[in-house]
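Following: one structure in structure tokens, then a few remarks.
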Amino acid sequence: MEYAFSAIEKKWKQYWQQQQVYKVDNDTSKPKFYILDMFPYPSGAGLHVGHPLGYIASDIYARYKRQRGYNVLHPMGFDAFGLPAEQYALETGQHPAVTTEKNIARYREQLDNIGFCYDWDRQVRTSDPQYYKWTQWIFLQLFHSWYDRKQNKARPISELVAVFEKEGNNNHICPDDAQFCFDAKAWKSMPEKERRETLMRYRLAYQGYAEVWWCEALGTVLANDEVVNGVSERGGYPVIRKQMRQWFLRITEYAERLLTSLETLDWTDAMKEMQRNWIGKSNGAEVRFEVDGMVDTHITVFTTRPDTIFGVDFMVLAPEHDLVETLTTPEQKHEIEEYKKYVQSRSERERMAEVKQVTGCFTGATVTHPFNKRKIPVWISEYVLAGYGTGAIMAVPSGDDRDHAFAKHFEIPITNIFGNNYNEQEAYTEKIGTLENSGFLNGIEIAKAGDIAIRAIEDAGIGKAKVNYKLRDAGFSRQRYWGEPFPIIYIKGMPYSIDEAELNAHPALQQLPVELPLVENYKPGPEGEGPLANVQEWVDTHAGMRETNTMPGYAGSSWYFLRYMDPHNNDTFASRNATDYWREVDIYIGGTEHAVGHLLYSRMWTKALYDLGHIGFEEPFKKLVNQGMIQGSSRFAYRVNGENKFVSKGLAAQFDTTAVRVDVNFVNGTELNIEAFKNWRPEYADAEFVLEDGKYICGAEVEKMSKSKYNVVNPDDIVAQYGADTFRMYEMFLGPIDISKPWDTKGIEGVHRFLKKMWRLYFDEQKGWIVTDDAPTEAELRIIHKTIKKVGEDIERFSFNTSVAQFMICVNELSALNCHKRTILEALSVIIASFAPHIAEELWHQFSHETTVLDAPFPKYEEQYIAENTKKYPVAVNGKTRVEMEFPLDIEESILQQEVLADATIQKWMDGKEHKKFIYVKGKMINVVV
RNA sequence: GCCCUGGUGGUGGAAUUGGUAGACGCGCAGGACUUAAAAUCCUGUAUGCAGCAAUGCGUGUGCGGGUUCAAGUCCCGCCCGGGGCACCA
């Protein structure tokens with residue numbers, strides 16, 4: 001009997017489906033385990049072999065955990081809203097709902113083909129109204145909440161109203177403006193509009209203003225992705241930054257908690273570090289500088305180096321800073337206007353990245369130094385960003401690289417506060433040494449001067465110590481169609497949530513979900529509004545006008561892990577019973593490209609839901625496993641310039657050639673299938689080929705796997721040719737899960753051969769089933785128990801490539817021993833079930849079992865079979881291994897030392913010298929130092 | 001530019017805690033079976049030098065330094081590739 005993988009895999013896929021083997025129950029006494037993949041965006045290109053890498057890993061782990069006795073939740077769904085579907089709709093007129101549906105169906109088919117153990121009953125799709133109903137609901141929770149800095153948690157906005165009525169806002173300073181104060185009387189006398197505006201300044205989901213890329217020619221707002229080299233990707237039209245009213249999430253209120261609770265997470269240090277850097281906590285001071293010649297006007301800067309305050313030689317404001325207009329003198333007005341126009345065309349990235357090119361403009365204004373009363377000029381420059389700190393800095397050229405470059409470029413005199421440490425060529429940025437030229441800080445060590453400076457600043461009443469976060473509030477509006485509509489209606493320009501009584505709306509209007517209306521076209525609305533603005537009958541309600549923005553991609557993905565726990569619940573996003581049972585995700589697998597965005601937002605939403613009492617835990621993902629990319633291996637043919645002639649790689653150097661991409665599916669290894677290539681495109685049909693050794697050899701290069709590079713390999717093709725089990729094991733065998741590596745279809749043969757070889761332990765081509773009940777030998781027990789141990793440990797640490805290698809070693813050794821014994825082979829079928837579920841299920845049932853191998857307990861290894869009592873030690877002289885000697889593990893060191901020193905080879909290398917040191921690491925090695 | 005990450009044979013990678021570098025697989029070379037092929041099996045395969053050979057000696061984990069009895073692994077300085085940088089998902 002041959003290993004007929006196609007028939008076997010088809011059979012067991014049907015069995016699993018019929019028996020509902022993957023159905024997961026919420027009611028069980030078993031301990032839970034929740035393992036989750038980052039759900040995919042279903043793109044039109046379908047899955048390529050790179051996508052399932054993480055899914056296979058999590059599938060193995062999920063099956064393994066189930067064999068270990070856990071109730072395992074391992075769901076899958078689709079991140080179905082997004083820009084690509086909308087762009088496709090713009091180009092083809094096909095509705096995103098239709099193309100998304102089609103793409104999901106294709107993804108589903110491809111995923112099923114690989115044999116994953118997902119409980120598809122629990123599938124979620126972010127674009128499903130029954131799903132986004134709850135995304136909108138969570139948005140409303142955020143809208144109806146504020147962050148209490150005293151209690152350090154989100155609270156209902158109604159409680160804030162009660163506080164305002166009693167005592168005004170004295171105890172709860174306004175998050176976006178500490179100066180904004182009112183008492184109870186003032187609150188009560190506010191008109192409703194003003195009260196709502198005030199509350200808006202506290203809400204966790206609030207409206208503010210932000211800049212977007214505006215493309216006049218296309219009449220639309222563009223994503224960063226759609227802007228390439230300062231022009232629109234489509235059409236190459238000019239773009240500028242434009243202020244727009246937007247929704248935001250006040251994630252900054254959570255900065256400190258997001259930072260400190262990182263400690264509790266089992267994530268890689270790199271991940272945590274990236275999140276820390278993104279949050280960007282820094283300690284420093286806010287300092288006010290009075291503007292000369294103006295009453296009550298000052299520039300507030302944030303500095304992390306208050307110790308350098310006497311080195312200030314100029315001030316720099318962000319070009320967008322509110323004060324720029326007020327400060328600019330009539331003589332400088334024109335120049336400042338021109339400069340601001342230039343900055344409008346620049347992305348934040350460009351502004352930060354190009355440090356070599358110094359630009360800026362003098363406002364004509366000066367401020368007075370608070371301590372030494374020097375007059376300090378005020379500039380604007382693109383290197384200061386409006387969104388960070390106060391949008392203004394005190395520039396200390398002797399102590400900061402960019403300030404130094406700026407001063408040199410504009411020939412602003414530099415004050416040296418570091419004495420000999422500053423060499424006039426570059427800034428001195430170390431915090432070692434003492435200060436000079438620094439008034440009351442003279443002679444003080446730099447490291448200690450900061451605190452002294454802050455005290456002086458506070459005593460003088462011109463500023464205070466301040467913790468600053470780089471983290472900014474998250475923009476939550478998109479001027480797009482294919483996203484969640486906001487449950488918001490405007491009355492006289494004032495936003496109300498649909499559940500508010502003030503709306504005086506018909507109950508039907510107050511229901512969730514607010515469904516996305518069907519539209520005819522996807523063109524943007526007027527004034528940079530999204531396509532929804534064109535749908536008059538939807539926008540106009542008897543209560544007021546609907547919000548026409550939609551929510552961003554991360555809205556639906558910020559909480560989807562909760563919905564899987566209770567996906568069909570119509571009363572709430574997930575029952576408290578369900579969330580209390582499953583709690584946080586035990587292992588979350590996905591790429592590092594989500595290191596900050598998705599993971600940070602998700603963490604914030606979880607904390608907010610926790611604060612408001614909806615769930616009982618405040619971190620979504622306990623352990624995070626990063627997966628690398630599988631890259632494509634592109635193939636190239638070499639066309640002789642000016643001719644329709646291709647020369648094989650080895651000969652290309654002799655001609656003047658251009659490398660042309662060849663679809664990898666026409667290439668076997670590096671040998672080109674010339675006929676397939678000729679049929680690919682008409683222009684190649686009668687091309688001429690110059691071969692070497694009768695073959696056309698292609699060049700190869702490792703790149704991202706993508707359609708445009710013709711290096712995409714479809715898992716369906718691989719599964720058809722080798723089977724899902726081979727595919728799964730090969731993906732794992734390629735290398736560590738977190739490392740990027742290129743796909744090479746050729747290498748899969750080895751894994752396929754391995755499965756066939758394993759099959760032959762159970763089946764003989766002529767005799768069929770050849771498993772016997774004979775008692776196993778010590779050697780056989782040793783190999784299977786070693787494998788049980790190694791594979792179990794490797795799965796636990798996500799080292800699947802080494803498990804596959806161990807399976808190979810195991811099968812190689814059992815084959816060499818001619819082992820066909822039940823005790824050994826039954827165990828093997830169980831431990832390989834998580835990697836190669838189809839073949840394992842077939843073998844398991846051949847042993848007359850009636851239930852799935854998934855419910856067979858993972859066997860325990862027994863130390864007695866594995867333990868060795870001797871060890872072949874490498875013996876080194878001065879660190880160089882010279883000979884191998886075998887000793888019992890429990891030998892006494894003195895005896896071992898005697899024997900080693902008496903060895904002829906060792907004596908030869910000791911060259912008659914006495915040994916200085918004798919190093920013996922039990923079970924590892926021996927080293928003689930002379 | 002900034003943050004994170006990786007670099008080991010022809011090739012994917014192994015070496016889990018500082019302890020025999022190259023497990024396992026691919027490729028390649030040689031062989032067995034076969035009329036032939038496929039499939040399967042066996043042997044060899046980091047590199048230089050010496051040797052008919054067994055083997056011996058040296059070199060070797062991106063580059064340059066350092067710590068250590070011992071470094072792919074730790075430290076310092078560089079080079080190159082990948083991911084992210086707030087509206088791609």
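The sequence lines fix the lettering, A, B, ..., with proteins before strands; numbering per chain opens at 1.
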What's [X] touching, base or sugar-phosphate or nothing? Going by heavy atoms closer than 4.0 Å.
X: Glu793(A); answer: nothing
X: Lys790(A); answer: base
X: Trp909(A); answer: sugar-phosphate
X: Arg882(A); answer: sugar-phosphate
X: Ala595(A); answer: nothing

Original post:
Which letter, B, S or -, goes with each nucleotide of nucleotides 70-89 of chain B from 5' to 3', with contact meaning a protein heavy atom under 4.0 Å?
Top reply: -------------SSBBBBB

Original post:
Using a cut-off of 4.0 Å between protein heavy atoms and nucleotide atoms, how would you tag nucleotides 46-51 of chain B 5' to 3' with B, S and -?
Top reply: ------

Original post:
Any cation-pi pair here, Arg241(A) with Trp213(A), using under 6.0 Å and within 45°?
Top reply: yes

Original post:
Would Phe835(A) and Phe807(A) satisfy ring-ring contact (aromatic ring centres under 6.0 Å, His included), going step by step from the backbone distance to the final call?
Top reply: CA-CA 10 Å; Phe835(A) 290 81; Phe807(A) 280 124; 5.3 Å; yes

The side chain of [X] lies closest to which of these nucleotides: [options]?
X: Phe733(A); options: rC24(B), rC69(B), rC4(B); answer: rC24(B)
X: Lys908(A); options: rU16(B), rG56(B), rU40(B); answer: rG56(B)
X: Val929(A); options: rG12(B), rC69(B), rA14(B); answer: rC69(B)

Original post:
Hey, can you pull the residues of residues 800-810 of chain A with a non-hydrogen atom under 4.0 angstrom from RNA chain B?
Top reply: Asn801(A), Thr802(A), Ala805(A), Met808(A), Ile809(A)

With respect to the phosphate group of [N], does any side-chain polar atom (N or O) of [X] fall under 4.0 Å of OP1 or OP2?
X: Lys746(A); N: rU11(B); answer: no
X: Arg402(A); N: rG1(B); answer: no
X: Asn812(A); N: rG25(B); answer: yes
X: Lys880(A); N: rU59(B); answer: yes

Given that both distances must come in under 3.5 Å, which nucleotide forms a Watson-Crick or G-U wobble pair with [N]?
N: rG1(B); value: rC85(B)
N: rG72(B); value: none
N: rG6(B); value: rC80(B)
N: rG56(B); value: rC49(B)

When the ring planes of [X] and [Y] are compared, do they come out parallel, tilted or perpendicular, using 30° and 60° as the limits?
X: Trp482(A); Y: Phe81(A); value: perpendicular
X: His752(A); Y: Tyr3(A); value: tilted
X: Phe476(A); Y: Trp605(A); value: tilted

Subject >> Length of the CG-C1' vector between Asp744(A) and rC26(B), whole Å >> reply: 7 Å

Original post:
In whole Å, what is the span from the CZ atom of Arg760(A) to the P atom of rU40(B)?
Top reply: 7 Å

Original post:
Can you name the nearest heavy-atom pair linking Thr787(A) to Cys810(A), along with the distance?
Top reply: OG1-CB, 3.3 Å

Original post:
Does a side-chain heavy-atom distance below 4.5 Å link His51(A) with Ile56(A)?
Top reply: no

Residues [X] and [Y] bridged, charged N to O under 4.0 Å:
X: Arg250(A); Y: Glu253(A); result: no
X: Arg797(A); Y: Asp794(A); result: yes
X: Lys786(A); Y: Glu793(A); result: no

Subject >> First encountered from the 5' end of RNA chain B, between Met271(A) and Pro874(A) >> reply: Met271(A)

Original post:
Want to settle it: does Pro742(A) or Asp738(A) sit nearer the 5' end of RNA chain B, counting the closest nucleotide to each?
Top reply: Asp738(A)

Original post:
With distance as the sole criterion, do the side chain of Lys741(A) and the base of rU11(B) form a donor-acceptor contact below 3.5 Å?
Top reply: no

**OP:** Check the surroundings of atom CD in Glu2(A): do more than 12 heavy atoms from other residues, nucleotides or ligands lie under 6.0 Å from it?
**Re:** no

